[in-house]
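The structure under discussion appears below in the form of structure tokens.
Chain identifiers are assigned alphabetically (A, B, ...) following the order of the sequence lines, protein sequences preceding nucleic acid strands; residue numbering begins at 1 within each chain. Just so you know, these numbers come straight off a predicted model, no measurement behind them.
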Protein chains: 2
Amino acid sequence: MKPKITLKHIARELDVSISTVSKALKNSEEIGRDTKEKVQAFAKLYNYKPNNIAISLKNKRTKNIGVIIPDIVHHFFTTVFRGIEKYANAQGYNVIVCVSDEAFDKEVINMEMLANGSIDGFIMALSGETQQKNDFNHLKEITEQGIPLVLFDRVTDEIQCDKVIINDMEAAFLAVKKLIEAGRKRIALVTTEDFLNVSAKRAEGYYMALKENGIAIDHGLILKLPYQMQDEIMSEKFFDFAKPDAVLCVNEIFAIKCMRIAQKKGYRIPEDIAFIGFTDGILSKYANPTLTSVDQHGEEMGKIAAQMLIEKIERDDDQEVEEVFETKIISATMVERDSTPKFS
Amino acid sequence: MKPKITLKHIARELDVSISTVSKALKNSEEIGRDTKEKVQAFAKLYNYKPNNIAISLKNKRTKNIGVIIPDIVHHFFTTVFRGIEKYANAQGYNVIVCVSDEAFDKEVINMEMLANGSIDGFIMALSGETQQKNDFNHLKEITEQGIPLVLFDRVTDEIQCDKVIINDMEAAFLAVKKLIEAGRKRIALVTTEDFLNVSAKRAEGYYMALKENGIAIDHGLILKLPYQMQDEIMSEKFFDFAKPDAVLCVNEIFAIKCMRIAQKKGYRIPEDIAFIGFTDGILSKYANPTLTSVDQHGEEMGKIAAQMLIEKIERDDDQEVEEVFETKIISATMVERDSTPKFS
DNA sequence: TATTAACACGAAACCGTTTTCGTAGACCGT
DNA sequence: ACGGTCTACGAAAACGGTTTCGTGTTAATA
């Protein structure tokens, strides 16, 4: 076993001072040719690499960014994560992930763990419980300490910070509009409970599209499912009573489940019922029939979040310009597949 | 903005020494009641939290573990990751993830970035390219430096370290055996190219089951697809020529794709063709028909990997017992669904 | 020859902790 | 009054770097 070598070791071995070694390795003008070469050769030979921790302590910069997401076994979040990781890595940053499990307490604990020097900034999507409780003190603390924060997807107006979201409302609006234009009359909405910010926005788009086309809102056509939905019966009844000819679902899983139920009941897709889901994930692509869905461009979202964060981190060092926060909006796009009739 | 407070600040403010503050906060016997109370009250008031980086430097322990996986938008890997993260977090560790993207160079670079003090140990699954090149010098370096390493799923015999895998061969063997017992004669195997360790093992189990049941191996029944398979044509032809009555696929996606093709060709599932996939992920559950598949128990795997790693990390501190490495084998189990006939 | 500038390097502070060791003062006993 | 023992605290080193500043040596200049 050969443990890591330090500046001190090199200095002792070569009979020079630590400062000289440090400077020689950074090719400082201050050091003579011979000494530099000697030191550099020695360092290469013993594969010297500076200790990240020591450097972090000195510069007060860790080159780590903290990512807190509600769930990791989740297509959208991992897609965003990939965007973050790619960009961050390219800029020399590492990513520390914590999973809040949709729980407020875990979110708080994780943030506190990381906020004590482990990271230079946060990227996060709020947990369901946090949105429900509407308690954002932990975020407030972070920003007050001057730690940069970027919120994505699951955001809140209560906190002043950079954000990146998609135009959920507009995307839902357009999806429903397409269905209306295709002649569908009884368009259902399958959504989660209201406290999830994004679901609310999507519902809003749904309402708007109906309204704009003079269709009355029929609450019998709206199904709210618990987030961890296993409730087959509820959905089955819904189909029997509502008899929709099109369904907009706020996520993939709901869409797939509903398609199964519709198929079981003998409806043809998309002739009798059309389906559109949100989140263009792996399920949409491989479903049978393949599912038309709204692509949230997760990777792009992650990349932009990382970009905004790193820019803020690196600007913080320089000077103290007064804070200005941005909210970037990514345009969702609809991926047409076989669960809808061909739109014009 | 109120920046982080340090021991030095408290010491200056309360007119005591830094050492006194440090000890007082740890409730040391050495410090008098009054002083302790004074210091603790002040610390609470200003929400003092020790700086992780400084502590890491001092103890030479970061309480971070590095996880390197080939892909993050991948059901199995994220499932393992969840297991790792849960256990690690419970033990006070944070997780730094790097994605190798199946590329050798990225794997090496990521390891080197993290190995310089950022983490106390690694958990990883080898990238495809690494397995192909059979070059494990980066792993060797790590272990020689005394950094604990746990390999999972995609492992190699070349490196002496802890490992956790599933009994791929046996699982494939049992799956094929079930198919044989159900009367299937022409059992196909759809796999990746050989260099992926796990695929090779699964193929081996397939061979063994055939052999044991006196069925000759028909290479016309074996289809090897490139890892990022988009090659519909290849698979279509395969079905026409091979005319299998059962198919074992080494992953979910292959299975779903093959099911689609079979359905398109008018086969009934499972009456005409049965399908079994590996990786019991979200696709298996929501496919149509639902897919019988081999559950690799990713979360359990991650938990065990984290357990082994942390144990090694914390034992390393204590004494220098001679190294002993374990390979834990997790039993895969088959989840029966609708793509296979009912097994007895 | 004396002055000075350039060169090449070392000492030391610093980042924020922890921890060992030393010691001033109070108190005890004789 | 003196030696000894606690008690309660501070000084300083250490972790592994970076960086500022000082300085001895040499060579160039007046």
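- Under 4.0 Å is where a charged nitrogen must lie from a carboxylate oxygen, and between A/Arg82 and B/Asp71 at least one such pair does.
- Rounded to whole angstrom, the span from the NZ atom of B/Lys4 across to the C1' atom of C/dT17 amounts to 15 Å.
- Both B/Leu57 and B/Thr20 sit near DNA chain C, but only B/Leu57 has its closest nucleotide nearer the 5' end.
- A donor-acceptor distance shorter than 3.5 angstrom exists from the side chain of A/Asn197 to the backbone of A/Val155, with no hydrogens or angles considered.
- Note on A/Glu37 versus A/Arg33: salt bridge recorded, some NZ/NE/NH1/NH2 to OD/OE distance being below 4.0 Å.
- For DNA chain D, the span of nucleotides reached by chain A at under 4.0 Å from its heavy atoms goes, 5' to 3', from D/dC15 to D/dC21.
- Scanning atom types as modelled, one donor and one acceptor separated by under 3.5 angstrom connect the side chain of A/Lys23 and the base of C/dG10.
- Distances shorter than 4.0 Å separate none of the side-chain N or O atoms of B/Ser22 from OP1 or OP2 on C/dT19.
- Both B/Ala54 and B/Val16 sit near DNA chain D, but only B/Val16 has its closest nucleotide nearer the 5' end.
- Atom CD of A/Glu29 is separated from atom P of C/dA6 by 15 Å (rounded to the nearest Å).
- If you check C/dG10, C/dC9, C/dG16 against the side chain of A/Ser19, the one that comes closest is C/dG10.
- In this structure, A/Lys163 places its NZ atom where more than 12 heavy-atom neighbours from other residues, nucleotides or ligands lie under 6.0 Å away.
- Contacts with DNA chain C (heavy atom under 4.0 Å) in residues 37-48 of chain A: none are found.
- Taking 4.5 Å as the limit, some side-chain heavy atom of A/Met113 sits within range of a side-chain heavy atom of B/Asn94.
- Between the CG atom of A/Leu7 and the P atom of C/dA11 there is a distance of 15 Å, given to the nearest Å.
- Counting to the nearest Å, the C1' atom of C/dG16 and the NZ atom of B/Lys26 are 13 Å from each other.
- C/dC9 atom P lies 13 Å from atom CG of A/Leu25, rounded to whole Å.
- The pair A/Glu102-A/Arg154 counts as a salt bridge, with a side-chain nitrogen and a carboxylate oxygen less than 4.0 angstrom apart.
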TODO: Please report the C-alpha distance between B/His138 and B/Phe104 in whole Å, then the side-chain angles of each, then the deciding distance to 0.1 Å, and finally whether the ring-ring contact (aromatic ring centres under 6.0 Å, His included) criterion is met.
DONE: CA-CA 10 Å; B/His138 51 308; B/Phe104 177 80; 5.2 Å; yes
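- With hydrogens and angles disregarded, no donor-acceptor distance shorter than 3.5 Å links the side chain of A/Ser22 to the backbone of A/Ile18.
- Nucleotide C/dC15 holds its C1' atom 16 Å from the CG atom of A/Asn116, rounded to whole Å.
- Two rings, from A/Phe77 and A/Phe81, have their centers 6.0 Å or more apart.
- Rounded to whole angstrom, the span from the CD1 atom of A/Ile18 across to the P atom of C/dA11 amounts to 10 Å.
- Judged by distance alone, with hydrogens and angles left aside, B/Lys58 brings no side-chain donor or acceptor close enough to the base of C/dT17 to form a pair under 3.5 Å.
- B/Asn51 has its CG atom 17 Å from the P atom of C/dC14, to the nearest Å.
- Evaluated for a side chain to side chain contact (heavy atoms under 4.5 Å, CB included) with B/Ile5, the options B/His9, B/Lys2, B/Lys8 yield exactly one hit, B/His9.
- A/Ser56 comes within 4.0 angstrom of no nucleic acid atom, judged by non-hydrogen atoms across all strands.
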